[in-house]
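Below is one structure; the comments refer to it alone.
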Amino acid sequence: MKLVHPVSGSESVNPPREVWVFLLIRCPVENPKYFAPMGMWPRVLQVVRDGWSCPPGVIVQPGESIHGAAHRAAGALGIKLPKAAALLAVDQQPAIDGEQDEEIAFVFDGGSAAEDAFADLPRDELHLEWSAVEDLERIALVHALRTRLLAVEPPVLVEGMPIAEPD
């Protein structure tokens, strides 16, 4: 797609880009395994479709704010977010030629929920499961969970890895 700058008149070619908002929803550990570090991390809610999993989320619609999209995603799950839900991570996934558009993802805090909190949702559209940290396919979720649990600054990520500070 060619875009023309309204002032300079210069053309640029921008690849397609999807902007996603994901919710990090945690299920607290009730009986952490003593001396098992991974057993102390909460499980994370995942949507499973066609053999892949990701956190609950939506594509941001034209003109929609990222907070508005976060509230829309929460509404689909029957939960309410605080008015200004906390941003936990921003992740950029580059385009893969012919397979995937570039993706920018904002991960917001969706709060914590009991294991059976989503049992009443219709299963024909959504298959939800709680995943252990080591089973998360998207590394950005681990960083988002770390941000939430340790109260540190949200990272900016590229392919799930923090961007290195310039020298």
Side-chain angles (χ1 to χ4, degrees), residues 17-33 36-61 64-96 99-119 121 123 125-165:
R17 176 183 294 159
E18 288 185 341
V19 179
W20 280 84
V21 166
F22 292 118
L23 300 179
L24 177 74
I25 301 174
R26 311 168 307 288
C27 182
V29 177
E30 293 181 15
N31 298 312
K33 298 173 189 168
M38 295 310 283
M40 295 174 52
W41 287 79
R43 289 172 295 145
V44 174
L45 188 65
Q46 297 280 283
V47 177
V48 180
R49 244 187 229 141
D50 300 326
W52 59 273
S53 62
C54 69
V58 296
I59 295 176
V60 178
Q61 300 298 314
E64 182 179 35
S65 72
I66 57 174
H67 276 99
H71 287 276
R72 185 164 51 91
L77 294 171
I79 62 174
K80 282 200 169 271
L81 296 179
K83 195 168 203 169
L87 179 64
L88 300 178
V90 178
D91 186 25
Q92 177 185 13
Q93 297 288 324
I96 300 172
E99 293 181 38
Q100 171 184 315
D101 293 340
E102 178 186 19
E103 179 184 294
I104 305 292
F106 296 88
V107 182
F108 284 93
D109 187 1
S112 62
E115 188 167 346
D116 61 353
F118 303 102
L121 287 177
R123 295 291 181 200
E125 293 181 25
L126 295 175
H127 174 70
L128 301 173
E129 67 180 35
W130 294 103
S131 297
V133 171
E134 61 267 24
D135 296 330
L136 296 175
E137 293 180 20
R138 191 165 190 134
I139 298 170
L141 291 177
V142 177
H143 289 286
L145 190 57
R146 177 184 165 273
T147 298
R148 174 63 179 91
L149 296 178
L150 301 179
V152 296
E153 288 294 316
V156 176
L157 311 164
V158 174
E159 296 185 64
M161 301 306 293
I163 295 175
E165 292 292 322

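Quick caveat, the model's predicted, so the values are computed rather than measured. Start at 1 with the first residue, then count along the sequence.
- Within the structure, salt bridge (charged side-chain N to carboxylate O under 4.0 Å, His left out) pairs that include any residue of residues 136-146 comprise Asp91-Arg138, Glu103-Arg138 (at least two apart or interchain).
- The shortest distance between side-chain heavy atoms of Val47 and Leu128 falls below 4.5 Å.
- Put simply, CG on Leu45 and OG on Ser53 are 10.5 Å apart, with the number rounded to the nearest 0.5 Å.
- Listed by chain and number, the residues in a ring pair (Phe, Tyr, Trp, His ring centres under 6.0 Å) with Trp20 are Phe22 (sequence neighbours excluded).
- Summarising the geometry, atom CG belonging to Leu141 is positioned 12.5 Å from atom CZ belonging to Arg26; distances are rounded to the nearest 0.5 Å.
- Taking CZ of Arg43 as the reference point, atom CD1 of Ile25 lies at 13.5 Å (rounded to 0.5 Å).
- Across all non-hydrogen atoms, the minimal contact from Pro94 to Glu159 is CD-CG, 3.3 Å.
- The shortest heavy-atom contact between Ala69 and Val58 is O-CG2, 3.4 Å.
- In this structure, Ala70 and Phe108 approach most closely via the heavy-atom pair CB-CD1, 3.9 Å.
- Distance alone, capped at 3.5 Å, is enough to place a donor-acceptor pair between the His67 side chain and the Ala85 backbone.
- Phe118 and Ala113 make their closest contact through CE1-CB, 3.9 Å (heavy atoms, listed as atom of the first residue, atom of the second, distance).
- Side chains of Ser131 and Val48 form no contact here, defined as non-hydrogen atoms less than 4.5 Å apart.
- A distance of 13.0 Å separates CD in Glu129 from SG in Cys27, rounded to the nearest 0.5 Å.
- For the pair Thr147 and Val152, the tightest heavy-atom approach, listed with the atom from each and the gap, is CG2-O, 3.2 Å.
- Arg17 CZ to Gln93 CD: the interatomic distance, rounded to the nearest 0.5 Å, is 13.0 Å.
- Here the CG atom belonging to Leu23 is positioned 10.0 Å from the CG atom belonging to Leu88, to the nearest 0.5 angstrom.
- Arg72 places a side-chain N or O within 3.5 Å of a backbone atom of Ile59 that can act as its donor or acceptor partner.
- Of all heavy-atom pairs spanning Pro28 and Pro42, the tightest one is CA-CB, 4.2 Å.
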Identify all side-chain donor-acceptor contacts of residues 74-83 below 3.5 Å with residues at least two apart in sequence or on another chain.
none

